[in-house]
Each structure stands twice: as C-alpha cells, then as structure tokens.
Amino acid sequence: MKIRKSRRLLRPQHKEFLSGNEAIARGSYDAAVRFAAGYPGTPSTEILENIAKRYTDIYAEWSPNEKVALEAASGASMAGARALAAMKHVGLNVASDPLMTLSYTGVNGGLVIITADDPGIHSSQNEQDNRHYAKFAKIPLLEPSDSQEAYDFTILAFEISERFDTPVILRTTTRTSHSKSLVQLKQIKNREIKKTALPNNAEKFVMIPKYARERHWFVEKRLERIRVYSENFLYNRSDYQGNKKGKIGIITSGVAYQYVKEVCGDIPVLKLSLTYPLPTKLIRDFVNRFKKTYVVEELDPFIEEEIKGYGINVTGKERFPSVGELTPDIVHEGLFGKKSKRKKANINLPAREPVMCAGCPYLGIFYILKRLGLYIAGDIGCYTLAAMPPYNAIDSTLCMGAGICQAFGMEKVLNEKDRKKVVAVIGDSTFLHSGMTGLLNIVYNKGIATVIILDNSTTAMTGRQDHPASGYTLKGEETKEINIAGICRALGVDRVRFIDPFKLDELERTISEEVNYDGPSVIISKSPCILLKHVAEIKKAVPPLRVDPSLCNGCLICLKLGCPAIQREFIDNKGVLIINPILCNGCALCVDLCKIGAIKP
C-alpha cells in the first residue's frame, strides 16, 4: 500500500485547549481524514469550520443538505479515503435514507457520522435522541464525555469503521460540543493516507435485492462481532475496586458522566463509551456487585431499556427526567431523593427574549404579513423568530423545507377565500436545502400557493455560513453563484417577482397581488444579512435615527416593527420612545412607518 507522508510534526506532550467540536476537527486531521462534508446546524457547525480553517489538506465542504453530505462522504469512503459527515441531530433525519443502506454496504475507507444532539432544545425544533439511529441501522455508537474523548474517539471511530467494515456514529451533545478542556494530542510523526482507487465490487456496493439479502446476513454477523469487541473496549470501564457487595452503583455515559462524578463522590461508576452494542457481560458483572444500580442518561432510556432487555434489573427513568438536559442538581435529587446542598453562584441575569437584529431585512416583511392577516407557513431560520411578539406572525414550523409543502396542503383543502390567505416563507439556504422539491410539487400538482423566499445571501442563524447561492465555498473560494430565481423558473414557476424589504408600501402591494393571483408565484426578497462583514462596514457610515419628543404622539406603532433599537423608557412615570444609537444602523423602516414624521436622522 502506497502512502503519502505529512510534513507536520507534533511537539512531545503537546496539549491544546479545545471545545468538543474543535477536538473532533483535530481528531479528523490526526486520523488522516481526506473528505469532510456537512450542513451547518447548532451545535455541530464549528466542526467543519475548524477543519476548513485549520486543516487545509482535508477537502471540506458545506453541502446543500445532510443527505448530500453523507452520500458524498460515502463516495469518498468507497474510493478508499477516510471520510466524515457532520450534522446536528435533526440533520440525521435528512441523511437517514443513505445511512440505513450504508450499514449494508459497509465501507472501504473509514466513514464516521457526527450527530450533535441538542438536549434542552437550545437551538432546534425538537430534542430527539439519536442514539436510536445506531440501533436502527445496527452500527456502532460512540459517546464522548469531554473534549479529550471527542478527540480520541474520532480517531478510534475510523479504526473501528475499517476494522468492522461499518459506518460509525459519534454522538455528541450541546455541552460536549461547546465546552472546552485541555486535550492531549497524539504524537503523530507521519499520517498514513491510503491510495485511492475506483471501487470494483458490485456485490458490496450495489444494493439491488440479490446482493442486499446477502449483505443483511453480513450486518447481523458484524453486530455480534462488535458486541464481543464492546466487552473489552478500553473506554467501557468501571472504577469499582471492592470485593464486597456495595449499596449503590451507577451506569452512565456521555456528558451525564461528568454530572455523576461531580455529585456522587466515591459511588462506583461504570462509564460506557461504546453505547451500542452494549457490553452485556461487563454490565451484568457490575450490577451483580450492588444492591441497587442506577442508569443516569439524558433524554430517552436508551441504555436502560437495552440493559433491561437482557433481564438485568436497573433503575433509570423512574428517578431521572426524559425531557431536557440533566444537571448535577437533577442527578443528585434523582439518586438521593433530596436537593443538593452545593453552593450556587448568586447571579441574576436579566431575561432576554430572542429577537431579530436591528436593520434586519425580515422586519418589514413580517410587519406587512401580519398587517395583511395572512396565515404564514414558516420554516427553519432566523425568520422563525417572527413567531415571537410583537409579530406572532409564524403559524407553523415543522422542519427544513416543510413550510412550502404545508402551504400547498392547506390550499388543497381550504375554501376559495381562505386558501388565498396562506403564504409560505423560507430562507435562501433552506430553499436550496429542501425547499425546491416542495415548489416543484406545487407546480406539478396545479397549486396556487405563494412562496416568499427571504434571500439574505447566507445561512444566517447558524453563524452566516456560505451556501450554493452565496458564490463562495466553505473554504472561502469563489464559485458559481446559483441563481435562485432561475431555479424557480426552471421548476415551472412563471411568476417570479423581486421586492425591496425596506419599502413597506411596495411590500404590501406586491404581496397582496401575489396571494390573489390564481396560480403559483414566488416573491424573492433580496437583501443581505445585516451582520455580513461587508454590509456592516457600509452601515457604519449611516447615521443612526432618533425620535423627536416634541413630535412623537406616543402611538407606539413603531414598536410593532420589533426592531430592538426602538425602546420604550419611563421618565417621571411617562413612557418615552427612544432609538438606541448603538443598535440603530439607519435602515429607516421606522421613518417609513411613522406618518407624523417624529423619527429623523
């Protein structure tokens, strides 16, 4: 086997202070990964960003969606390269189609799927537990509990993948993704990179029924081999040293292990890191050493149910919640039936509801949509914040791309009057991710729905990442800028209109015309995100606005814009409107809205 040697040398005992995502990126480099793909989504985004920025000899891309990312990574793996696909938990739903069959085909070069779960729903539409995907696909599952393990397990995942001819899931959570700790890096002098070649093995990679039937037997036999491996897996370990039967033992995994160690002192713990398939002999031997054994895990009783399925008696979700994140205090109360006496920092931070940015091009659009009394089928993006006051202007949000399909479904069952009150709102990145097929469905099945595409030239909510219509790749290289209007026309939409989101009268007129048009139509709001660097630089030169108190009559209509720069203060028990000059960037939407001219430069 021919190899290419890297020139990079690591200093002995080299350590870095890394987040879990940064550690996965570094682990990918040290594992000689050649291909990395994903779609941005909190809490996974920084994995691909760090690979692209710091480890430039790895090919890295933002794919249009997670299904594309995993399928492309599988192609690199088939050619013999180690490949990684990274996504947040709901992204694996999109990629689940190739995942299930990749379990059958197996790999050539190692293939690792990172799923970053979001217990507590910090930035997601649900808090599903993606450990179930490992059992569903019958592939190994690794769960790191800190940055060191995120680094180590990434390297190990590729070794397991190639050893057992299987994709491997590495499951993180928000806390392991974003928390930082010291990471001891491996002393790698040369990175062995396999020579790639076109695969020539139809029985392995062509999943027609004839071959798939045989590969299913392979999957079942492989799973048994991995079960044996799990029994002796170095990171499935118990810290119990005694010979006598103890009172309490704890089985845990992932970040829950950190909470257990923080509050449980000397109580023996079996820490599981390869959590599917489980080491049942190791678990049975541990449980038999104690009068009572608890399973502490976030979200679903995944480990608990697996253990009980083997007739082993443990206690889990009777004492710990299935909803939200665990904390040390929740773990303490679940184990001991009383609240922890740990001292807590007395920090009273003011509450802050999520809001759109001052000068955001979405502000005027949702003000008009609300004023028109339309039903708004929403989608995933910054604009989902329009569901909050003062707009209350998003009526449904399901998953990426669903708003267009929901608007179509409503149109087909509503009466003539109501069906012309429905619009779908979707962002540019989300449209390219999974909105195009919904629009195609409207055209093909003779729908009349109006779709508003909010094109702000970036994937804004996850940190302003590029996408196929931005004109730049993940690595900042110029590329073909996909024409969204051209796509809409190619899909059969004859009526495509552009609007300026900072002209309220134009917005109202255009939207009113399109919802009453008897056919499919697309409105594209084309205005870049206010936080993009080049836009922010331009806005710095625009003077902020102010409220003239001698003219303001206190009608408060400007507050309905939801702009955070417009604030109400009470002076001498009298409400006074002001515009925060630090936040205001002079977009002048409020000037357009104020009919008495009280808002001025």
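- Across all their heavy atoms, Thr275 and Phe302 have their closest contact at O-CE2, 3.6 Å.
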- Message: For His433 and Glu66: C-alpha separation, side-chain torsions, deciding distance, then whether side-chain hydrogen bond (donor to acceptor under 3.5 Å, both in side chains) applies.
- Response: CA-CA 8 Å; His433 176 284; Glu66 296 86 356; 2.7 Å; yes
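- For the pair Asp146 (side chain) and Gln148 (backbone), a donor-acceptor distance under 3.5 Å is present.
- Looking only at distances, no side-chain donor or acceptor of Asp117 sits under 3.5 Å from a matching main-chain atom of Asp129.
- Pro140 approaches Ile160 most closely through the heavy-atom pair CG-CG2, 4.1 Å.
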- Mind running salt bridge (Lys or Arg N to Asp or Glu O under 4.0 Å) on Glu16 and Arg54 for me, showing each step along the way? CA-CA 14 Å; Glu16 289 189 20; Arg54 301 184 64 183; 3.2 Å; yes
- Task: For side-chain hydrogen bond (donor to acceptor under 3.5 Å, both in side chains), just list the numbers for Asp118 and Thr174, CA-CA rounded to whole Å, side-chain angles, deciding distance to a tenth of an Å, and then say yes or no.
- Result: CA-CA 5 Å; Asp118 190 17; Thr174 302; 2.8 Å; yes
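- The minimum heavy-atom distance linking Leu170 with Ala150 is given by the pair CD2-O, 4.5 Å.
- Residues Gln465 and Thr462 have side chains that bring a donor and an acceptor to within less than 3.5 angstrom of each other.
- With rounding to the nearest 0.5 Å, the separation of OH in Tyr151 from CD in Glu22 is 14.0 Å.
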- Task: Step by step, work out the side-chain hydrogen bond (donor to acceptor under 3.5 Å, both in side chains) result for Gln406 and Ser396.
- Result: CA-CA 8 Å; Gln406 289 181 322; Ser396 68; 3.0 Å; yes
- Could you check Arg319 against Tyr294 for side-chain hydrogen bond (donor to acceptor under 3.5 Å, both in side chains), going step by step and ending with a plain yes or no? CA-CA 9 Å; Arg319 305 293 290 271; Tyr294 294 94; 3.3 Å; yes
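- With Thr176 contributing its side chain and Val255 its backbone, the two residues share no donor-acceptor pair below 3.5 Å.
- The nearest pair of heavy atoms linking Ser429 to Thr459 is OG-OG1, 2.9 Å.
- A donor-acceptor distance shorter than 3.5 angstrom exists from the side chain of Thr105 to the backbone of Leu102, with no hydrogens or angles considered.
- Residues Ile426 and Gly401 come closest through the heavy atom pair CD1-CA, 4.2 Å.
- By the 6.0 Å and 45° rule, Lys271 stacks over the aromatic ring of Tyr257.
- Under the 3.5 Å distance criterion, the side-chain polar atoms of Ser179 are matched with a main-chain donor or acceptor of Arg175.
- Between Thr45 atom OG1 and Met461 atom CE the span is 11.5 Å, to the nearest 0.5 Å.
- Ring geometry for Phe366 against Tyr362 counts as perpendicular: the plane angle is over 60°, on a 0 to 90° scale with 30° as the lower cut.
- Under the rule for a side chain to side chain contact (heavy atoms under 4.5 Å, CB included), the partners of Tyr59 that lie at least two apart in sequence or sit in another chain are Phe35, Glu61.
- Counting only N and O atoms by type, the side chains of Thr42 and Lys88 include no donor and acceptor under 3.5 Å apart.
- Between Thr172 and Ser177, the closest heavy-atom pair is OG1-OG, 3.1 Å.
- For Asn130 and Gln128, the side-chain atoms include at least one donor-acceptor pair closer than 3.5 Å.
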